[in-house]
Amino acid sequence: MKTPNQARGGLFTAVAALTIAGPAQGVGQTISDSEALARVPMTFTRNQVRIPVSVNGSEPFTLILDTGMPTRGLLLRAGERVDALGLEFLGTDSVSGGGSDGALSARVSKGQRIELGGLAIPEVPVIVLPEQNLMQDVDGVIGAELFERFAVRVDADRLRVELIDPGIFQPAHGSSIVPLRFNQGVAFVDAEVTVDAGAPVAADLALDLGAGHALWLNEKSNPRLASPAGAIETVLGRGLSGEIRGSIGRVHRLQLGDFAFENVVTLFPVGEHQNPGGFDFRDGFIGAEILTRFVVTYDYAQKRMVLERGGMF
């Protein structure tokens with residue numbers, strides 16, 4: 001769980017001035033009715049993809065769709081609406097994220113029936129966090145529960161998320177295929193980062209759709225990924241486990257598949273904050289500021305991410 005205050009309209013606005021090179025493709029093609037098992041309306045707020053999800057027939061909860069949540073089930077913030085579900089809890093578990101304030105104790109329910117886009121999914125665990133300020137304008141998070149079941153196509157142009165049978169999904173003609181690797185349920189890609197005018201550095205980066213920024217780099221994993229001269233020391237945001245400190249600056253170039261992004265505003269956290277929740281994020285991660293510039297399909301079954309140029313490109 002990352003910092004939801006990282007938005008296009010705030011500290012990170014400069015990313016919108018990226019100069020980008022890549023294949024001359026059109027806006028992503030639509031998926032046929034026979035391929036899409038569900039089309040879920042989405043909103044795009046604070047650089048987060050948010051979707052409505054019902055639990056046991058409830059009014060929809062607004063959840064962040066997050067590739068950075070490798071746990072099956074959905075995460076909900078405690079409150080009256082969650083109490084009204086009458087969930088039966090099996091025990092507690094520790095949940096941690098960015099920051100240094102320690103883990104939170106969460107209640108874990110047995111499997112519940114969730115519904116989105118008219119599609120019902122049974123036996124989904126619900127993890128309930130204590131009320132806290134981080135998620136005041138959303139109800140929770142969902143991640144691996146969808147990405148491990150479906151090919152998930154996020155179309156920020158049409159403001160919808162499509163859930164597709166991974167057994168029949170075929171990439172659109174002319175799309176760019178980026179191989180995925182997995183570590184404890186988190187998807188990683190090979191990229192190249194040029195921090196300054198020097199040679200590019202091969203980077204092992206996680207995909208983090210729930211993080212609003214463009215790029216996060218860990219100097220501890222590779223000294224060549226250290227923040228450039230002129231980077232500004234600041235509080236980068238707040239995660240589930242507290243404040244995240246570091247610096248913010250621009251990297252000269254990010255190469256992802258067939259696409260290159262130049263002058264990318266990048267976060268460089270201090271050493272103790274480089275691996276939120278204690279997970280090894282290796283060289284860092286790519287966030288929604290980059291990922292939503294494409295119509296992107298996360299096809300975990302085939303270990304690939306399919307990129308099509310989007311209208312926000």
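All heavy atoms count here, side chains included; hydrogens, waters and symmetry mates do not.
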Novice: Could you tell me whether the side chain of Ser175 and the main chain of Glu308 form a donor-acceptor pair under 3.5 Å?
Specialist: no

Novice: Do Ile232 and Leu236 sit in one hydrophobic cluster, given that two such residues count as connected whenever their side-chain heavy atoms are within less than 4.5 Å of each other, even indirectly?
Specialist: yes

Novice: When you compare the side chains of Gln48 and Arg50, does any donor N or O come within less than 3.5 Å of an acceptor on the partner?
Specialist: yes

Novice: Under a 3.5 Å distance rule, please check whether Glu233 uses its side chain to pair with a backbone N or O of Ala231 as donor and acceptor.
Specialist: no

Novice: Which atom names give the shortest non-hydrogen contact between Pro52 and Pro60, and what distance separates them?
Specialist: CB-CB, 3.6 Å

Novice: Do any N or O atoms from the side chain of Glu145 and from the backbone of Gly73 form a donor-acceptor pair under 3.5 angstrom?
Specialist: yes

Novice: Just by modelled atom types, is the Ser58 backbone N or O under 3.5 Å from a matching donor or acceptor in the Arg81 side chain?
Specialist: no

Novice: Which pair of heavy atoms, one from Leu225 and one from Val195, lies closest together, and at what distance?
Specialist: CA-CG2, 4.0 Å

Novice: Taking the side chain as every heavy atom from C-beta outward, state whether His213 and Ile248 have any pair of such atoms under 4.5 Å apart.
Specialist: no

Novice: Check Arg253 against Ala260 and note the closest heavy-atom contact, atom names and distance.
Specialist: NH2-CB, 3.0 Å

Novice: Are the side chain of Asp208 and the backbone N or O of Gly287 linked by a donor-acceptor pair below 3.5 Å?
Specialist: no

Novice: Atom CG of Asn222 and atom CG of Leu217: how far apart are they, to the nearest 0.5 Å?
Specialist: 9.5 Å

Novice: Take Leu75 and Ile64 through the test side-chain contact (heavy atoms from CB on, under 4.5 Å) and record every step on the way to the result.
Specialist: CA-CA 9 Å; Leu75 195 69; Ile64 299 168; over 6 Å; no

Novice: Taking the side chain from Ser109 and the backbone from Val126, do they hold a donor-acceptor pair closer than 3.5 Å?
Specialist: yes

Novice: Taking the side chain from Asp157 and the backbone from Gly311, do they hold a donor-acceptor pair closer than 3.5 Å?
Specialist: yes

Novice: Would you give the length of the straight line joining atom CD1 of Ile114 to atom CD1 of Ile121, rounded to the nearest 0.5 angstrom?
Specialist: 4.5 Å

Novice: Mind checking the CD-CG spacing from Gln255 to Asp190? Nearest 0.5 Å is all I need.
Specialist: 12.0 Å

Novice: Rounded to the nearest 0.5 Å, what separates atom CD1 in Ile244 from atom OG1 in Thr234?
Specialist: 12.0 Å

Novice: To the nearest 0.5 angstrom, please state how far the CZ atom of Arg39 sits from the CZ atom of Arg158.
Specialist: 9.5 Å

Novice: Between Val186 and Ala206, what is the shortest heavy-atom contact and its length?
Specialist: CG1-CB, 3.9 Å

Novice: Anything under 30° is parallel, anything over 60° is perpendicular, the rest tilted; go ahead and classify Tyr300 against Phe147.
Specialist: parallel

Novice: With no hydrogens and no angle check, is any side-chain donor or acceptor of Arg107 less than 3.5 Å from a backbone partner on Val128?
Specialist: no

Novice: Decide whether Phe182 and Val296 are clustered together by the hydrophobic rule: side chain heavy atoms of Ile, Leu, Val, Met, Phe, Trp, Tyr closer than 4.5 Å, transitively.
Specialist: yes

Novice: Taking the side chain as every heavy atom from C-beta outward, state whether Val152 and Leu163 have any atom pair closer than 4.5 Å.
Specialist: yes

Novice: Charged N to carboxylate O below 4.0 Å: is that the case for Glu123 and Arg72?
Specialist: no

Novice: Between Arg304 and Phe169, what is the shortest heavy-atom contact and its length?
Specialist: NH2-O, 3.5 Å

Novice: So does Leu207 get a backbone contact from the side chain of Thr67, meaning a donor-acceptor N/O pair under 3.5 Å?
Specialist: yes

Novice: Rounded to the nearest 0.5 Å, what separates atom CG in Leu146 from atom CG in Asp66?
Specialist: 11.5 Å

Novice: On a heavy-atom basis, which atom in Pro179 and which in Ile177 lie closest, and how many Å separate them?
Specialist: CD-O, 3.8 Å

Novice: Tell me which one of Thr71, Leu74, Val141 satisfies side-chain contact (heavy atoms from CB on, under 4.5 Å) with Ile127.
Specialist: Thr71

Novice: What orientation do Phe294 and Phe261 show, parallel under 30°, tilted 30 to 60°, or perpendicular over 60°?
Specialist: perpendicular

Novice: Ignoring hydrogens and geometry, is there a side-chain-to-backbone donor-acceptor pair from Arg113 to Gly57 under 3.5 Å?
Specialist: no

